[in-house]
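Note that the coordinates shown come from a computational prediction; the quantities given were computed from them, not determined experimentally. What you see below is based on every heavy atom in this structure, not just the backbone, and it leaves out hydrogens, waters and symmetry mates.
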Amino acid sequence: MRTRIIAGVLAAATIVSLSACTAHTPGPSPSPSSTSHPVAEAKCTDGVAALRADDQKSNHDGCDVFDVLGHGNTLTIGAVKQLTVEGDHNTITVHAAETVTSSGTDNTVYYDGEEPAFNELGSGTKVLPTSAH
């Protein structure tokens, strides 16, 4: 009887051990991710566009008001009246802007034409002519 119990326990342990090995066998390695950034889209509706994205690269036509909400974006936009940057670490090139307002941190805005009025509500944002780019 004792031999039968030991044999049963050993058989059960072997099955559990084998199923554990096959259950944890690693599958194929994931392919390396691309270093390119996805392209974000912002629609201009009634003169207002908002971009809510992170780590995007994109070009946009101008809109009267353009609002950037996100982190690490690289954007080029057309002429706007008001550019608002609410995210962090964005690099934005704007064809022209009357006013730039930043409530985020460490953004860089490059502009063409006349220097826009700048309202710093966050910290560390720079507004520079495109020649400084």
Between atom OG1 of Thr93 and atom NE2 of His133, what is the distance when rounded to the nearest 0.5 Å?
-> 4.0 Å
Walk me through it: do Glu86 and Thr84 pass the test side chain to side chain donor-acceptor pair (under 3.5 Å)?
-> CA-CA 6 Å; Glu86 297 183 47; Thr84 303; 5.7 Å; no
Given Thr101, Asp67, Asp64, Asn119, the one that forms side chain to side chain donor-acceptor pair (under 3.5 Å) with Gln82 | Thr101
Is Glu98 close to Pro116 at the side-chain level, that is, under 4.5 Å between some pair of heavy atoms?
-> no
Worked check of side chain to side chain contact (heavy atoms under 4.5 Å, CB included) between Val127 and Tyr111 = CA-CA 7 Å; Val127 178; Tyr111 64 88; 3.7 Å; yes
Rounded to the nearest 0.5 Å, what's the gap from OG1 on Thr130 to OH on Tyr110? Could you check?
-> 10.0 Å
Do any N or O atoms from the side chain of Asn90 and from the backbone of Asn107 form a donor-acceptor pair under 3.5 angstrom?
-> no
Asp106 side chain vs His89 backbone, donor-acceptor pair below 3.5 Å = no
For Asp88 and Thr105, run side chain to side chain donor-acceptor pair (under 3.5 Å): C-alpha distance rounded to whole Å, both residues' side-chain angles, the deciding distance at 0.1 Å, then the answer.
-> CA-CA 5 Å; Asp88 303 316; Thr105 58; 2.9 Å; yes
In one Ile/Leu/Val/Met/Phe/Trp/Tyr side-chain cluster, 4.5 Å: Phe118, Val109 = yes
Calculate, to the nearest 0.5 Å, the distance between atoms CD1 and OG1 belonging to Ile92 and Thr108 respectively.
-> 9.0 Å
Are Thr99 and Lys81 side-chain neighbours, meaning at least one heavy-atom pair lies under 4.5 Å?
-> no
So, for Thr125 and Ser102, which heavy atoms are closest and what is the spacing to 0.1 Å?
-> OG1-OG, 2.9 Å
Minimum heavy-atom distance between Val80 and Cys63, given as atom pair plus value | CG1-O, 2.8 Å
How long is the gap from CG on Leu75 to CG on Asn73, to the nearest 0.5 Å?
-> 5.0 Å
